[in-house]
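I have placed the structure first, in the form of C-alpha coordinates, so that the comments after it can refer back to it.
This one's a predicted model, so the numbers in the text were calculated from it and none came from an experiment.
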2 protein chains.
Amino acid sequence: MNRLVSVIQALKAKGVRLTSERQLILRRAVNHLHFSAEELVNDVRTIDRSVSRMTVFRTLTLLQNAGLVEKHDFHYGPPYYEVTYGKAHHDHLMCMRCGEIIEFQEPRWEPMQEEAAKRYGYKLLSHTHKLYGLCGSCQTRNNGKPVHKAPKLHVEEIVA
Amino acid sequence: MNRLVSVIQALKAKGVRLTSERQLILRRAVNHLHFSAEELVNDVRTIDRSVSRMTVFRTLTLLQNAGLVEKHDFHYGPPYYEVTYGKAHHDHLMCMRCGEIIEFQEPRWEPMQEEAAKRYGYKLLSHTHKLYGLCGSCQTRNNGKPVHKAPKLHVEEIVA
DNA sequence: GAATATTTGTTACTCAGTATCAACTAAGAA
DNA sequence: TTCTTAGTTGATACTGAGTAACAAATATTC
Ligand SMILES: [Zn+2]
Ligand SMILES: [Zn+2]
Ligand SMILES: [Zn+2]
Ligand SMILES: [Zn+2]
(Lines give C-alpha, C1' and ligand atoms only; values in the text may rest on other atoms or scores of the structure.)
(Ligands and ions follow the chains in the order given, each with its own letter.)
Protein backbone atom coordinates (compact mmCIF):
# COMPACT_ATOMS: atom_id res chain seq x y z
CA MET A 1 0.00 0.00 0.00
CA ASN A 2 1.10 3.50 -0.83
CA ARG A 3 2.91 5.27 1.95
CA LEU A 4 0.80 8.42 1.71
CA VAL A 5 -2.39 6.42 1.89
CA SER A 6 -1.32 4.54 4.97
CA VAL A 7 -0.32 7.75 6.75
CA ILE A 8 -3.67 9.31 5.87
CA GLN A 9 -5.49 6.28 7.19
CA ALA A 10 -3.58 6.51 10.45
CA LEU A 11 -4.56 10.15 10.75
CA LYS A 12 -8.21 9.48 10.12
CA ALA A 13 -8.13 6.62 12.62
CA LYS A 14 -7.11 9.18 15.21
CA GLY A 15 -10.13 11.29 14.35
CA VAL A 16 -8.12 14.13 12.84
CA ARG A 17 -9.90 16.03 10.11
CA LEU A 18 -8.15 15.76 6.77
CA THR A 19 -8.45 19.07 4.98
CA SER A 20 -7.12 19.69 1.50
CA GLU A 21 -4.27 21.77 2.95
CA ARG A 22 -3.24 18.98 5.30
CA GLN A 23 -3.43 16.46 2.51
CA LEU A 24 -1.10 18.50 0.33
CA ILE A 25 1.30 19.07 3.23
CA LEU A 26 1.35 15.37 4.04
CA ARG A 27 1.82 14.44 0.40
CA ARG A 28 4.92 16.61 0.19
CA ALA A 29 6.22 15.58 3.61
CA VAL A 30 6.25 11.87 2.87
CA ASN A 31 8.15 12.68 -0.30
CA HIS A 32 11.09 14.03 1.62
CA LEU A 33 13.16 12.03 4.06
CA HIS A 34 14.40 14.70 6.45
CA PHE A 35 13.27 18.27 5.94
CA SER A 36 13.17 21.55 7.80
CA ALA A 37 9.88 23.30 8.46
CA GLU A 38 10.85 26.15 6.19
CA GLU A 39 11.82 23.78 3.38
CA LEU A 40 8.44 22.16 3.61
CA VAL A 41 6.74 25.56 3.55
CA ASN A 42 8.53 26.46 0.34
CA ASP A 43 7.87 23.11 -1.23
CA VAL A 44 4.17 23.22 -0.43
CA ARG A 45 3.73 26.82 -1.50
CA THR A 46 5.44 26.13 -4.81
CA ILE A 47 2.51 23.88 -5.55
CA ASP A 48 -0.24 25.93 -3.94
CA ARG A 49 0.60 29.49 -3.03
CA SER A 50 -2.64 29.85 -1.08
CA VAL A 51 -1.49 27.54 1.70
CA SER A 52 -0.03 29.68 4.43
CA ARG A 53 3.19 29.25 6.34
CA MET A 54 1.20 29.05 9.58
CA THR A 55 -0.80 26.07 8.39
CA VAL A 56 2.35 24.17 7.56
CA PHE A 57 3.74 24.83 11.03
CA ARG A 58 0.44 23.96 12.64
CA THR A 59 0.17 20.76 10.66
CA LEU A 60 3.67 19.76 11.62
CA THR A 61 2.91 20.06 15.31
CA LEU A 62 -0.39 18.29 14.77
CA LEU A 63 1.41 15.40 13.15
CA GLN A 64 4.00 15.36 15.89
CA ASN A 65 1.35 15.14 18.57
CA ALA A 66 -0.36 12.38 16.64
CA GLY A 67 2.94 10.52 16.68
CA LEU A 68 3.33 10.38 12.91
CA VAL A 69 6.15 12.87 12.60
CA GLU A 70 9.36 13.16 14.56
CA LYS A 71 11.49 16.24 15.05
CA HIS A 72 15.25 15.87 14.95
CA ASP A 73 17.87 18.31 16.07
CA PHE A 74 21.06 17.75 14.16
CA HIS A 75 23.04 20.51 15.83
CA TYR A 76 23.01 22.48 12.59
CA GLY A 77 20.54 25.14 11.71
CA PRO A 78 16.87 24.43 12.17
CA PRO A 79 15.39 21.15 13.38
CA TYR A 80 14.60 18.53 10.79
CA TYR A 81 11.35 16.63 10.57
CA GLU A 82 10.69 13.11 9.41
CA VAL A 83 7.51 11.17 8.79
CA THR A 84 8.26 8.17 10.94
CA TYR A 85 4.86 6.51 10.87
CA GLY A 86 5.22 2.95 9.70
CA LYS A 87 8.99 3.09 9.71
CA ALA A 88 10.95 0.93 12.09
CA HIS A 89 12.89 2.78 14.76
CA HIS A 90 16.31 3.84 13.62
CA ASP A 91 19.15 6.08 14.66
CA HIS A 92 21.01 8.61 12.50
CA LEU A 93 24.50 9.07 11.20
CA MET A 94 25.31 12.44 9.65
CA CYS A 95 28.23 13.75 7.64
CA MET A 96 29.42 16.99 9.16
CA ARG A 97 30.71 18.28 5.85
CA CYS A 98 28.15 17.42 3.19
CA GLY A 99 25.15 16.89 5.45
CA GLU A 100 24.28 13.42 4.21
CA ILE A 101 22.11 11.54 6.70
CA ILE A 102 22.19 7.77 7.00
CA GLU A 103 19.52 5.87 8.89
CA PHE A 104 20.64 2.69 10.53
CA GLN A 105 19.49 0.16 13.08
CA GLU A 106 21.47 -1.32 15.93
CA PRO A 107 19.09 -3.70 17.70
CA ARG A 108 21.59 -4.45 20.45
CA TRP A 109 21.30 -0.89 21.74
CA GLU A 110 17.60 -0.74 22.35
CA PRO A 111 17.39 -3.13 25.32
CA MET A 112 20.57 -1.68 26.78
CA GLN A 113 18.94 1.71 26.92
CA GLU A 114 15.98 0.36 28.87
CA GLU A 115 18.47 -1.18 31.20
CA ALA A 116 20.40 2.06 31.70
CA ALA A 117 17.23 4.00 32.47
CA LYS A 118 16.05 1.36 34.91
CA ARG A 119 19.38 1.56 36.71
CA TYR A 120 18.39 5.06 37.81
CA GLY A 121 14.76 4.26 38.50
CA TYR A 122 13.60 5.86 35.28
CA LYS A 123 10.89 4.65 32.97
CA LEU A 124 12.29 5.10 29.46
CA LEU A 125 9.91 6.75 27.01
CA SER A 126 12.05 7.78 24.08
CA HIS A 127 15.60 8.47 23.08
CA THR A 128 17.73 10.14 20.45
CA HIS A 129 21.02 8.76 19.30
CA LYS A 130 22.97 10.62 16.63
CA LEU A 131 26.42 9.97 15.26
CA TYR A 132 28.40 12.72 13.56
CA GLY A 133 31.36 12.17 11.30
CA LEU A 134 32.73 12.35 7.81
CA CYS A 135 31.40 10.24 4.97
CA GLY A 136 33.75 8.38 2.69
CA SER A 137 34.06 11.03 0.02
CA CYS A 138 34.33 13.92 2.45
CA GLN A 139 37.22 12.22 4.19
CA THR A 140 39.33 12.33 1.06
CA ARG A 141 38.27 15.54 -0.64
CA ASN A 142 36.28 18.67 -0.10
CA ASN A 143 33.34 17.87 -2.29
CA GLY A 144 32.24 21.44 -2.79
CA LYS A 145 29.08 21.18 -0.78
CA PRO A 146 28.67 23.71 2.01
CA VAL A 147 30.59 22.95 5.16
CA HIS A 148 28.53 22.72 8.31
CA LYS A 149 29.64 24.49 11.42
CA ALA A 150 31.24 21.70 13.39
CA PRO A 151 29.45 20.61 16.53
CA LYS A 152 31.79 20.42 19.42
CA LEU A 153 34.03 17.41 19.32
CA HIS A 154 35.14 15.25 22.15
CA VAL A 155 38.04 16.81 23.97
CA GLU A 156 40.39 14.01 23.07
CA GLU A 157 39.95 14.72 19.39
CA ILE A 158 40.47 18.43 19.72
CA VAL A 159 43.72 18.39 21.61
CA ALA A 160 45.05 15.68 19.32
CA MET B 1 43.33 20.85 41.82
CA ASN B 2 40.37 23.20 41.68
CA ARG B 3 38.14 22.70 38.67
CA LEU B 4 38.05 26.38 37.77
CA VAL B 5 41.82 26.60 37.89
CA SER B 6 42.28 23.61 35.62
CA VAL B 7 39.83 25.00 33.08
CA ILE B 8 41.62 28.35 33.13
CA GLN B 9 44.94 26.65 32.62
CA ALA B 10 43.56 24.77 29.64
CA LEU B 11 42.33 28.04 28.16
CA LYS B 12 45.67 29.76 28.61
CA ALA B 13 47.44 26.77 27.11
CA LYS B 14 45.41 27.40 23.98
CA GLY B 15 46.63 30.99 23.89
CA VAL B 16 43.23 32.48 24.65
CA ARG B 17 43.36 35.76 26.52
CA LEU B 18 41.75 35.56 29.94
CA THR B 19 39.96 38.82 30.61
CA SER B 20 38.18 39.58 33.85
CA GLU B 21 34.81 39.13 32.13
CA ARG B 22 35.78 35.72 30.83
CA GLN B 23 37.08 34.72 34.21
CA LEU B 24 33.80 35.62 35.88
CA ILE B 25 31.78 33.85 33.20
CA LEU B 26 33.91 30.74 33.55
CA ARG B 27 33.69 30.84 37.30
CA ARG B 28 29.91 30.85 37.15
CA ALA B 29 29.75 28.30 34.34
CA VAL B 30 31.74 25.63 36.16
CA ASN B 31 29.42 26.15 39.11
CA HIS B 32 26.41 24.95 37.16
CA LEU B 33 26.06 21.52 35.64
CA HIS B 34 23.77 22.16 32.69
CA PHE B 35 22.66 25.71 32.00
CA SER B 36 21.07 27.72 29.24
CA ALA B 37 22.87 30.73 27.79
CA GLU B 38 20.24 33.06 29.17
CA GLU B 39 20.50 31.53 32.64
CA LEU B 40 24.23 32.11 32.60
CA VAL B 41 23.70 35.69 31.46
CA ASN B 42 21.40 36.35 34.41
CA ASP B 43 23.68 34.61 36.84
CA VAL B 44 26.74 36.53 35.69
CA ARG B 45 24.97 39.89 35.58
CA THR B 46 23.64 39.37 39.09
CA ILE B 47 27.25 39.51 40.19
CA ASP B 48 28.50 42.14 37.79
CA ARG B 49 25.91 44.16 35.94
CA SER B 50 28.54 45.66 33.68
CA VAL B 51 29.16 42.40 31.85
CA SER B 52 27.02 42.40 28.74
CA ARG B 53 24.82 39.69 27.36
CA MET B 54 26.88 39.73 24.19
CA THR B 55 30.07 38.88 26.02
CA VAL B 56 28.48 35.89 27.65
CA PHE B 57 27.30 34.57 24.30
CA ARG B 58 30.65 35.28 22.72
CA THR B 59 32.49 33.55 25.53
CA LEU B 60 30.26 30.52 25.25
CA THR B 61 31.07 30.10 21.58
CA LEU B 62 34.72 30.75 22.31
CA LEU B 63 34.71 27.98 24.88
CA GLN B 64 32.86 25.68 22.53
CA ASN B 65 35.42 26.21 19.81
CA ALA B 66 38.18 25.61 22.30
CA GLY B 67 36.52 22.31 23.14
CA LEU B 68 35.92 23.13 26.80
CA VAL B 69 32.18 23.56 26.60
CA GLU B 70 29.56 21.39 24.98
CA LYS B 71 26.12 22.42 23.79
CA HIS B 72 23.22 20.06 24.35
CA ASP B 73 19.81 20.13 22.80
CA PHE B 74 17.32 18.47 25.09
CA HIS B 75 14.28 18.94 22.89
CA TYR B 76 12.89 21.49 25.32
CA GLY B 77 13.37 25.21 25.14
CA PRO B 78 16.84 26.55 24.54
CA PRO B 79 20.01 24.50 24.26
CA TYR B 80 21.87 23.71 27.43
CA TYR B 81 25.60 24.15 27.90
CA GLU B 82 27.99 22.14 30.00
CA VAL B 83 31.65 22.63 30.86
CA THR B 84 32.93 19.26 29.80
CA TYR B 85 36.63 19.90 30.03
CA GLY B 86 38.24 17.32 32.27
CA LYS B 87 35.05 15.30 32.58
CA ALA B 88 34.88 11.81 31.16
CA HIS B 89 32.49 11.35 28.27
CA HIS B 90 28.98 10.58 29.37
CA ASP B 91 25.48 10.39 27.99
CA HIS B 92 22.33 11.94 29.45
CA LEU B 93 19.06 10.72 30.88
CA MET B 94 16.36 13.32 31.40
CA CYS B 95 13.04 13.29 33.19
CA MET B 96 10.37 14.64 30.89
CA ARG B 97 8.29 15.92 33.77
CA CYS B 98 10.62 17.51 36.30
CA GLY B 99 13.58 18.10 34.02
CA GLU B 100 16.15 16.30 36.16
CA ILE B 101 19.22 15.33 34.17
CA ILE B 102 21.31 12.30 35.03
CA GLU B 103 24.75 11.78 33.54
CA PHE B 104 25.78 8.21 33.07
CA GLN B 105 28.40 6.16 31.32
CA GLU B 106 27.91 3.04 29.26
CA PRO B 107 31.36 2.01 28.08
CA ARG B 108 29.99 -0.82 25.96
CA TRP B 109 28.33 1.66 23.61
CA GLU B 110 31.33 3.67 22.62
CA PRO B 111 33.15 1.05 20.50
CA MET B 112 29.84 -0.05 18.99
CA GLN B 113 29.29 3.44 17.66
CA GLU B 114 32.68 3.47 15.97
CA GLU B 115 31.73 0.17 14.45
CA ALA B 116 28.39 1.42 13.17
CA ALA B 117 29.98 4.46 11.54
CA LYS B 118 32.66 2.36 9.92
CA ARG B 119 30.00 0.09 8.49
CA TYR B 120 28.95 3.02 6.28
CA GLY B 121 32.44 4.22 5.51
CA TYR B 122 32.17 7.09 7.96
CA LYS B 123 34.86 8.40 10.27
CA LEU B 124 33.11 9.00 13.59
CA LEU B 125 33.90 12.35 15.18
CA SER B 126 31.27 12.81 17.86
CA HIS B 127 27.87 11.67 18.95
CA THR B 128 24.94 12.55 21.14
CA HIS B 129 22.90 10.00 22.97
CA LYS B 130 20.01 11.12 25.11
CA LEU B 131 17.40 9.10 26.95
CA TYR B 132 14.05 10.63 27.92
CA GLY B 133 11.72 9.22 30.50
CA LEU B 134 10.15 9.64 33.90
CA CYS B 135 12.18 9.63 37.09
CA GLY B 136 11.06 7.57 40.05
CA SER B 137 9.09 10.25 41.83
CA CYS B 138 7.46 11.56 38.68
CA GLN B 139 6.21 8.09 37.84
CA THR B 140 4.13 7.96 40.98
CA ARG B 141 3.06 11.54 41.56
CA ASN B 142 2.97 14.90 39.91
CA ASN B 143 5.64 16.63 41.90
CA GLY B 144 4.45 20.15 41.20
CA LYS B 145 7.37 21.13 39.05
CA PRO B 146 6.54 22.45 35.59
CA VAL B 147 5.72 19.82 33.02
CA HIS B 148 7.85 19.86 29.90
CA LYS B 149 6.25 19.68 26.53
CA ALA B 150 6.67 16.04 25.68
CA PRO B 151 9.04 15.23 22.86
CA LYS B 152 7.49 12.90 20.38
CA LEU B 153 7.24 9.37 21.67
CA HIS B 154 7.77 6.20 19.78
CA VAL B 155 4.65 5.25 17.90
CA GLU B 156 4.11 2.11 19.88
CA GLU B 157 3.70 4.07 23.07
CA ILE B 158 1.29 6.58 21.60
CA VAL B 159 -1.22 4.14 20.19
CA ALA B 160 -1.10 2.12 23.38
C1' DG C 1 -31.86 25.67 7.62
C1' DA C 2 -29.43 27.76 12.26
C1' DA C 3 -26.04 26.99 15.74
C1' DT C 4 -21.61 25.32 16.94
C1' DA C 5 -16.92 23.94 16.51
C1' DT C 6 -12.69 23.63 13.72
C1' DT C 7 -9.51 25.27 10.47
C1' DT C 8 -7.38 28.81 8.05
C1' DG C 9 -4.70 33.23 6.61
C1' DT C 10 -3.13 37.74 7.93
C1' DT C 11 -0.76 40.34 10.86
C1' DA C 12 1.78 41.34 14.69
C1' DC C 13 4.72 39.70 17.90
C1' DT C 14 8.38 37.09 20.72
C1' DC C 15 12.81 35.61 21.77
C1' DA C 16 17.36 33.52 21.15
C1' DG C 17 20.98 34.45 18.77
C1' DT C 18 23.87 37.45 15.48
C1' DA C 19 25.97 41.52 13.07
C1' DT C 20 27.86 46.10 13.29
C1' DC C 21 30.74 49.36 14.98
C1' DA C 22 32.80 52.63 17.91
C1' DA C 23 35.10 52.73 22.36
C1' DC C 24 38.19 50.44 25.13
C1' DT C 25 42.03 47.57 26.55
C1' DA C 26 45.92 44.82 26.28
C1' DA C 27 50.17 43.38 23.97
C1' DG C 28 54.37 44.59 21.04
C1' DA C 29 57.74 47.38 18.73
C1' DA C 30 60.77 51.22 18.71
C1' DT D 1 58.00 55.25 27.68
C1' DT D 2 55.24 56.28 23.44
C1' DC D 3 53.46 54.66 19.12
C1' DT D 4 51.17 51.01 16.81
C1' DT D 5 48.51 47.22 16.28
C1' DA D 6 45.40 43.57 17.49
C1' DG D 7 41.87 41.73 20.44
C1' DT D 8 37.87 42.54 23.39
C1' DT D 9 33.85 44.77 24.91
C1' DG D 10 29.06 46.95 25.14
C1' DA D 11 25.21 49.44 22.92
C1' DT D 12 22.27 49.08 19.34
C1' DA D 13 20.08 47.22 15.61
C1' DC D 14 18.92 43.35 13.30
C1' DT D 15 17.67 38.42 11.86
C1' DG D 16 14.85 34.50 11.42
C1' DA D 17 12.30 30.62 13.29
C1' DG D 18 8.51 30.01 15.66
C1' DT D 19 4.12 31.71 18.16
C1' DA D 20 -0.16 34.38 19.51
C1' DA D 21 -4.39 36.76 18.39
C1' DC D 22 -8.28 37.24 15.83
C1' DA D 23 -11.52 37.54 12.32
C1' DA D 24 -13.02 35.12 8.06
C1' DA D 25 -14.01 30.80 6.13
C1' DT D 26 -15.33 26.19 6.38
C1' DA D 27 -17.09 22.01 8.18
C1' DT D 28 -20.14 19.49 11.59
C1' DT D 29 -24.15 18.97 14.60
C1' DC D 30 -28.79 19.76 15.71
ZN1 LIG E 1 17.73 3.97 18.89
ZN1 LIG F 1 15.42 9.20 9.92
ZN1 LIG G 1 28.25 8.29 24.48
ZN1 LIG H 1 26.39 16.31 31.11
By side chain to side chain contact (heavy atoms under 4.5 Å, CB included) - contacts of B:Lys118 (at least two apart): none

Positions of residues 22-42 of chain A (non-hydrogen atom under 4.0 Å from DNA chain D), listed by number: A:Ala37, A:Glu38

Taking every non-hydrogen atom, the tightest pair across A:Ala88 and A:Gln105: CB-NE2, 3.6 Å

Sequence neighbours excluded - salt bridge (charged side-chain N to carboxylate O under 4.0 Å, His left out) pairs with any residue from residues 45-67 of chain B: B:Glu38-B:Arg53

Spacing between B:Lys12 atom NZ and C:dA26 atom P, to the nearest angstrom: 14 Å

B:Val30 to B:Val7 - nearest heavy-atom pair and separation: CG1-CG2, 4.3 Å

Qualifying residues under side chain to side chain donor-acceptor pair (under 3.5 Å), relative to B:Glu115, sequence neighbours excluded: A:Arg108

Separation of B:Leu68 CG from B:Leu62 CG (nearest 0.5 Å): 8.5 Å

Under 4.0 angstrom between A:Thr19 side-chain N/O and C:dT6 OP1 or OP2: no

Whole angstrom value for the distance that separates C1' of C:dA16 from CZ of B:Phe74: 18 Å

Results of side chain to side chain contact (heavy atoms under 4.5 Å, CB included) for A:Ser52 - residues two or more places apart only: A:Met54, A:Thr55

Non-neighbouring partners of B:Glu82 that pass side chain to side chain donor-acceptor pair (under 3.5 Å), sequence neighbours left out: B:His34, B:His72, B:Lys87, B:His90, B:His92

Residue-level proximity of residues 44-63 of chain B to DNA chain D when a heavy atom falls under 4.0 Å: B:Ser50, B:Val51, B:Ser52, B:Met54, B:Thr55, B:Arg58

Set of side chain to side chain donor-acceptor pair (under 3.5 Å) partners for A:Thr19, sequence neighbours left out: A:Glu21

Separation of atom CD in A:Glu21 from atom P in D:dA24, rounded to whole Å: 18 Å

Contacts of A:Asp43 that satisfy side chain to side chain contact (heavy atoms under 4.5 Å, CB included) - sequence neighbours left out: A:Arg28, A:His32

A:Tyr81 and A:Glu39 side chains, donor-acceptor separation under 3.5 Å: no

Sub-4.5 Å side-chain heavy-atom contact between A:Ile8 and A:Leu26: yes

Nucleotide-resolved protein contact map, nucleotides 25-30 of chain D, B/S/- at heavy-atom distance under 4.0 Å: --SS--

Base-paired stems that DNA chain D participates in, counting runs of 3 or more Watson-Crick or G-U pairs under 3.5 Å: C:1-30 with D:1-30

Contacts of type salt bridge (Lys or Arg N to Asp or Glu O under 4.0 Å), residue B:Arg22, not counting sequence neighbours: none

